Structures are given as structure tokens and as C-alpha cells.
Amino acid sequence: MSVLRLKEILKEKNMSGKKLAEIVGITETSLSRIINDDQQPRFDLLLKIAQTLDVDIRELFHPTKESTATLEDIQKAIDTLERLKKELE
């Protein structure tokens, strides 16, 4: 699995790889190699890509750690939010 989510984000943003490559100043081949995990981009290029796609740089990456929140944790958070909502009403 690729570390970067570029293919997904390009689809979400309705942008072609060709257009992204053109805007950030790299070749389509380089972008394809980055998307396919055959080449690692420099940090400054990741920043340009994130800015161009209007996403936080962290959104470019797949999570590397599983969520540790349990169903019980989520339910507690929901209960707290509902209680706060009632207090504000």
C-alpha cells in the first residue's frame, strides 16, 4: 500500500495528474512514480502539492497507526456532547 493518498485526493479534487504535475513543476512521469511509491518526494514538493490541492500536508498520507478509540470511548464522547447541548439549550 502506498504511503501517500495522492491518487484518492486527485480524484476527490477532480484534478488530473497531468495538471498537478504542471502546477508543481514536475513531469507526469515523476508524479506517476511518486503515486506508485517508486519515488519519494522532497518535503518542499509535498508542501507544493498540499497547497495546490488545498489540503493539510497530513492529509496526503494514509494513517500509519490504527485508531485506538473503542466503541465505549466514542459513546462517552457522544454522551458528553449531548449533555453539553442540553445545557446550552
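The model shown is predicted, which means the values in this text are computed figures rather than measured ones. Index from 1, following the sequence.
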- Query: Can L4 and L46 be said to form a side chain to side chain contact (heavy atoms under 4.5 Å, CB included), step by step?
  - Reply: CA-CA 10 Å; L4 293 173; L46 285 173; 4.1 Å; yes
- Non-hydrogen side-chain atoms of E59 and E12 separated by less than 4.5 Å: no
Table please: side-chain donor-acceptor pairs of residues 76-85 below 3.5 Å, with sequence neighbours left out.
from: K76; atom 1: NZ; to: E72; atom 2: OE2; distance (Å): 3.4
from: D79; atom 1: OD1; to: Q75; atom 2: NE2; distance (Å): 2.9
from: T80; atom 1: OG1; to: K76; atom 2: O; distance (Å): 2.9
from: R83; atom 1: NH1; to: E87; atom 2: OE2; distance (Å): 3.1

- Message: On a heavy-atom basis, which atom in L10 and which in S16 lie closest, and how many Å separate them?
- Response: CD2-O, 4.0 Å
- Item | E22 side, atom CD; M15 side, atom CE - distance, nearest 0.5 Å | 10.0 Å
- Task: Report the distance from atom NZ of K11 to atom CD1 of I9, rounding to the nearest 0.5 Å.
- Result: 13.5 Å
Can you list, pair by pair, the side-chain donor-acceptor contacts under 3.5 Å of residues 50-58, counting residues two or more places apart and other chains?
from: T52; atom 1: OG1; to: K48; atom 2: O; distance (Å): 2.7
from: D56; atom 1: OD1; to: R58; atom 2: N; distance (Å): 2.8
from: D56; atom 1: OD1; to: R58; atom 2: NE; distance (Å): 3.0
from: D56; atom 1: OD2; to: R58; atom 2: NH2; distance (Å): 3.0

- Task: Can you establish whether the number of heavy atoms outside K13 located under 6.0 Å from its atom NZ is more than 12?
- Result: yes
Considering only distance and modelled atom types, tabulate donor-acceptor pairs under 3.5 Å from the side chains of residues 24-35, sequence neighbours left out.
from: T27; atom 1: OG1; to: S30; atom 2: N; distance (Å): 2.9
from: T27; atom 1: OG1; to: S30; atom 2: OG; distance (Å): 3.1
from: S32; atom 1: OG; to: N36; atom 2: ND2; distance (Å): 3.3
from: R33; atom 1: NE; to: Q39; atom 2: OE1; distance (Å): 3.2
from: R33; atom 1: NH2; to: D38; atom 2: O; distance (Å): 3.4

